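Scope of the values below: all heavy atoms of this structure, side chains included, with no hydrogens, waters or symmetry mates. Note that the structure is a prediction, hence the values are computed from the model and not measured.
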Amino acid sequence: MAINGYRAIEAATFAIGPDGDVVSVKPPDAPVGAQLTSAVAASGAAFFMADACPALIALGTSPDAGEVADAARREQVIAALDCGLRWLITQSDDRERVDRRAPNRLLYDALAYQGCGVLAENTDTRILSGQFVALALSQSRRDGVFVEDGGSDTTYQAVAVRLALDLLLTGYRQLDAQHLHIAWQSGAVWLGHRIMTDGRIGSTGNTRTCPGGESVLGTQQKVSPPVVYGALIYAAELGSGPDMKAAAARLSEWATANPRTDPCFP
């Protein structure tokens, strides 16, 4: 698994141009006429780097890293990601403007700057990461909700919880780190309470997924059981207690038994 994951990251870095522009392409199944805007492409770059850089940080701490790829090969990948990071820095004003009403996307941006900055030993991104985290936290409620487009959304709540955890695990040490820690814990508890007794994910009032929510490249966004499950089990392992494990277990049982059922439920 580690080897396959590393190879996927390495292959993706081939799409980073000499100026650091992380090239994105429209999915082959996107509807005819759907446009890949520059803002969507930059978001794709942030998503990729927010996943890739923490993964390589983790790999670098593993005693088996040399079996996955030798040091010289890993350094080439890190150099490419550093080039991409420098380009992403030039997009920071645009990222803040486009993502400011979506805390999960702000946390993606923050993690891209934080994780890649740590990986490439680029200290210039520390302040940037903090700015995006602060803006995301300014849109978190006392009940644990990360406010997405004016309300709550179970899928994007799960994304925000996982990203907050990843930020802390990659060494986020800003003044608001304790606030971020509290936010992911209360956010995970809120999410756990959205798992029904039969394991379905409640989607009443979702602002970005299910009917009435957003479409991306012409496709209606739905609740994602794997994303919600991942956040719950991740939170359970890192300190949110047995309730998270129980909610994750209920969800897993329902999703396994109903693999083709529309996950959008009231």
Side-chain angles (χ1 to χ4, degrees), residues 2-27 30 35-62 65 68-100 102-133 135-136 159-160 162-174 216-217:
I3 291 175
N4 291 338
Y6 170 80
R7 287 176 177 169
I9 293 171
E10 184 178 52
T13 61
F14 297 152
I16 299 177
D19 62 351
D21 185 357
V22 183
V23 178
S24 296
V25 296
K26 188 170 67 174
Q35 297 297 313
L36 185 67
T37 66
S38 59
V40 171
S43 287
F47 295 166
F48 162 62
M49 296 179 73
D51 286 335
C53 291
L56 286 177
I57 292 171
L59 178 62
T61 65
S62 170
V68 175
D70 62 48
R73 188 171 170 182
R74 281 182 279 131
E75 283 301 321
Q76 287 183 328
V77 173
I78 291 171
L81 289 168
D82 184 34
C83 188
L85 172 62
R86 293 177 189 279
W87 173 80
L88 195 61
I89 289 171
T90 69
Q91 307 298 306
S92 60
D93 288 345
D94 210 34
R95 300 270 28 86
E96 181 175 335
R97 178 183 60 81
V98 171
D99 294 341
R100 64 180 306 106
N104 87 91
R105 294 167 71 100
L106 292 168
L107 292 174
Y108 257 122
D109 297 325
L111 183 57
Y113 291 125
Q114 167 76 19
C116 292
V118 170
L119 183 69
E121 299 180 353
N122 184 336
T123 58
D124 294 341
T125 61
R126 188 169 182 267
I127 293 175
L128 263 180
S129 179
Q131 289 172 346
F132 280 90
V133 168
L135 188 53
V159 174
R162 181 183 69 81
L163 292 170
L165 278 165
D166 283 343
L167 275 158
L168 294 168
L169 290 172
T170 52
Y172 186 80
R173 295 291 182 271
Q174 304 284 56
V216 176
L217 294 177

Looking only at non-hydrogen atoms, find the nearest pair between [X] and [Y] and report the distance.
X	Y	value
Ala112	Leu85	O-CD1, 4.1 Å
Asp82	Ala120	OD1-CB, 3.5 Å
Leu168	Arg173	O-NH1, 3.6 Å

_One pair to check against side chain to side chain contact (heavy atoms under 4.5 Å, CB included): Asp21 and Ile16. What are the steps and the verdict?_
CA-CA 6 Å; Asp21 185 357; Ile16 299 177; over 6 Å; no
Less than 4.5 Å apart, side chain to side chain, heavy atoms only: is that true for [X] and [Y]?
X	Y	result
Gln114	Thr125	no
Asp109	Ser129	no
Val68	Arg7	no
Ser43	Tyr108	no
Arg74	Tyr6	yes

*Using 4.0 Å as the upper bound for N to carboxylate O, is an ion pair formed by Asp93 and Arg100?*
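The answer is no: the pair does not qualify as a salt bridge.
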*Got a salt bridge between Asp166 and Arg162, using NZ or NE/NH1/NH2 to carboxylate O under 4.0 Å?*
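Yes.
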*asked:* Quick one, Val133 with Gln174, criterion side chain to side chain contact (heavy atoms under 4.5 Å, CB included). Give me CA distance, side-chain angles, the key distance, then yes/no.
replied: CA-CA 9 Å; Val133 168; Gln174 304 284 56; over 6 Å; no
*Residues Phe47, Arg105; criterion side chain to side chain contact (heavy atoms under 4.5 Å, CB included); working and verdict*: CA-CA 8 Å; Phe47 295 166; Arg105 294 167 71 100; 4.2 Å; yes
